[in-house]
Amino acid sequence: MYRAPRGTSDILPEEQAYWRYVEEKVVELCQLYGYERIDSPAFEDTRLFARSVGEGTDIVEKEMYTFTDKGGNLLTLRPEGTAPVCRAYLEHGLHNRPQPVKLYYIAPIFRYERPQAGRYRQHYQFGCEAIGDDDPALDAEVIEMAWRFFQSVNLHHLTLQLNSIGCKRCRPGYLNTLKDYYASHTEELCADCKVRLVRNPLRLLDCKRPACQRIADAAPRSSDHLCPECQSHFTRLQRYLSLLEIPFALNHRLVRGLDYYTRTVFEIQPENGGAQSTLVGGGRYDDLIEELGGRPTPAIGYAMGIERIILNLKEQHIPVPPLPGAQVFIAHLGDEAREEAIKLASRLRRAGTAVILATGSKSLKAQLRQANRLGARYALILGEDELKSGTASLRDMTTSQQSLIHLSELPGALK
RNA sequence: GUGAGUGUAGCCCAGUGGUCUAAGGCGCCAGGUUGUGGCCCUGGAGAUCGAGGGUUCAAAUCCCUCCACUCACCCCA
């Protein structure tokens, strides 16, 4: 028997109400903040991700679904959403539009990882990118937008973590300070951290091991080593967030695992969240567009995992509106009635009524049982008696009231 | 890639060596009215007990290997 590949899943009809709910709130939110939808291909030139996400990151090193097509092109299933949007920004000359260009997407993301709670090999992300402006007011707006999203879907008990990791001017100096500090603690570090010290010192800060955490807590903070411009940017961002009454917690150990981040980084997670609980991750990437071959263009964005949002909606028992079901079920008895039913179903649908037409030659009992299971508001019954008089029995499935109506009264009689 | 746990019908699960030709519940199908749903009653279909090998007179039950799933680490949404 075939199964969905590891880390992938089918979203069955009974799950769809959650998806529809989240997607509708996303579309509403984006419209409110002036974001327009963009859809990019599911796969891209592998080099796009290697350049943007970073050669040394786990995503590029071990998590990409990479393949060679029959033309010999090296392609990769999108492991994150920002790089493709930046590529599209450059490819289509979007710098000729009013800046910042604000785009959003809802798209499947692919990463070859061991699946666990809240983590899948194919999952969906809603992401936003505001490209072409470095105003901290834009950072504040973007963060506010993510924050308000959760209010709109009724998710509560979340925390917003904030940090600034500086820019290409001030970060090298900070990294040296950090490495100097860690040099005196090398012996106490876990094996992973010893590697991080050489390969990616920033990541030393978010190691989960208690021993390493103690060292990280006392480590020099990036926010204390910002250049004047970054310092001012960070200060103004915090001021704007306060103006917006967005509660945030400074977390000097928040760094993020993709190489392209600069200055502002933030995450939103549940207060009591365990592993894999981050709902949103985002930040500035002021050098990425240039890195991909464009002119220097500051930008900021975030992405949220839709499966994780739905997971939290369920945990918090947030009700979501049910999807509309069938309005009318047409039952019929006998060959002649079936032909009348086929015509009637078509006529009602053309008039905009959602109809389910019984199939086969089941007993009326079985047909009504099905109508009930499908949640039909009405049942229309066509039998020999009705046929003779050009009528149908109209049964209200909630009240069990039943009456005879002329076919000519349809669909008017369905209210 | 590493570690731990779990694998019995579509779903939840009983069963820990012989009475298992595997129980129950949900769901599905049908009947209880010659044309009427939801509740109730009755019946039916549906399981190579994850796969392979081994131990034994006898294995869903014990052992080994593999596979899958889940959770955690790594890392991330």
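Here is the naming used below: chain letters follow the sequence lines, and residue numbers restart at 1 for every chain.
- No contact: A:Glu80 has no heavy atom under 4.0 Å from any strand.
- Separation of the A:Tyr65 and A:Tyr112 ring centroids falls under the 6.0 Å cut-off.
- Of the nucleotides present, B:C29 is the one that pairs with B:G43 by Watson-Crick or G-U wobble criteria, both distances under 3.5 Å.
- A:Glu15 and A:Lys314 are joined by a salt bridge, as a carboxylate oxygen and a charged side-chain nitrogen come within less than 4.0 angstrom of each other.
- Contact annotation: side chain of A:Gln367 to base of B:U36, donor-acceptor pair absent below 3.5 Å.
- Among the protein residues, A:Asp58 comes within range of the sugar-phosphate backbone only, with heavy atoms under 4.0 Å from sugar or phosphate atoms but none that close to a base.
- The phosphate of B:C73 (OP1 or OP2) has a side-chain N or O of A:Lys208 nearer than 4.0 angstrom.
- The CD-P distance, from A:Glu113 to B:C71, rounds to 14 Å in whole Å.
- Counting only N and O atoms by type, the side chains of A:His317 and A:Glu315 include no donor and acceptor under 3.5 Å apart.
- Per the geometry, CD belonging to A:Glu61 stands 12 Å off C1' belonging to B:G1, to the nearest Å.
- Residue A:Tyr120 is in base contact, counting any heavy-atom pair closer than 4.0 Å across all strands shown.
- Taking the six-membered ring where the residue is Trp, A:Tyr182 and A:His185 present perpendicular rings, their angle passing 60° and hence far from 30°.
- Across all strands shown, B:G1 forms a Watson-Crick or G-U wobble pair, both distances under 3.5 Å, with B:C73.
- Following rounding to the nearest Å, A:Glu129 (CD) and B:A77 (P) show an atom-to-atom distance of 11 Å.
- Taking the side chain of A:Pro115 as heavy atoms from C-beta on, and the options B:U70, B:A30, B:G35, the nearest nucleotide is B:U70.
- Using cut-offs of 30° and 60° for the angle between ring planes, the A:Tyr302 and A:Phe266 rings count as perpendicular.
- Checked by atom type, the side-chain pair A:Glu291/A:Ser52 shows no donor-acceptor distance below 3.5 Å.
- Side-chain N/O atoms of A:Arg6 include one lying less than 4.0 angstrom from OP1 or OP2 on B:C69.
- Heavy-atom distances to RNA chain B give each of A:Tyr124 and A:Pro5 a nearest nucleotide, and the one nearer the 5′ end belongs to A:Pro5.
- Computed from coordinates, the A:Leu404 CG to B:G35 P distance equals 17 Å when rounded to whole Å.
- A:Arg395 comes within 4.0 angstrom of a base, heavy atoms only.
- Across every strand in view, B:C62 sits in a pair with B:G54 that passes the Watson-Crick or G-U test at under 3.5 angstrom.
- Pair assignment for B:U48: none, as no Watson-Crick or G-U wobble contacts are both less than 3.5 Å.
- Taking only side-chain nitrogens and oxygens, A:Gln116 never comes nearer than 4.0 Å to OP1 or OP2 of B:U70.
- Across all strands shown, A:Leu258 has heavy atoms under 4.0 Å from sugar-phosphate atoms exclusively, and none from any base.
- Nucleic acid contact for A:Leu279: sugar-phosphate only, since backbone atoms but no base atoms lie under 4.0 Å from a heavy atom of the residue.
- Looking at heavy-atom distances under 4.0 Å, A:Ala303 makes contact with sugar-phosphate atoms alone, never a base.
- Nucleic acid contact class of A:Gly118 (heavy atoms, under 4.0 Å, all strands): base.
- No contact: A:Ala379 has no heavy atom under 4.0 Å from any strand.
- Here the P atom of nucleotide B:G35 and the CD1 atom of A:Ile330 are 20 Å apart, to the nearest Å.
- Base pairing annotation: B:U16 forms no Watson-Crick or G-U wobble pair, as no partner gives both donor-acceptor distances under 3.5 Å.
- Comparing A:Ile306 and A:Thr399 by the nucleotide of RNA chain B whose heavy atom lies nearest to each, the residue mapping closer to the 5' end is A:Thr399.
- Taking every side-chain heavy atom of A:Glu63 into account, B:C75 is the closest of B:C75, B:G32, B:C69.
- With B:C71, B:A77, B:G31 as the choices, the nucleotide that has an atom nearest any side-chain atom of A:Lys365 turns out to be B:G31.
- For the OP1/OP2 pair of B:G3 and a distance below 4.0 Å, the side-chain nitrogens and oxygens of A:Arg114 include no atom meeting the criterion.
- Side chain A:Glu386 to base B:G35: a donor-acceptor pair is found below 3.5 Å.
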Next item on the list: Could you go through the side-chain contact (heavy atoms from CB on, under 4.5 Å) check for A:Ile38 and A:Tyr104 one step at a time?
Entry: CA-CA 6 Å; A:Ile38 183 167; A:Tyr104 81 94; over 6 Å; no
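- Side chain A:Arg369 to base B:U36: no donor-acceptor pair is found below 3.5 Å.
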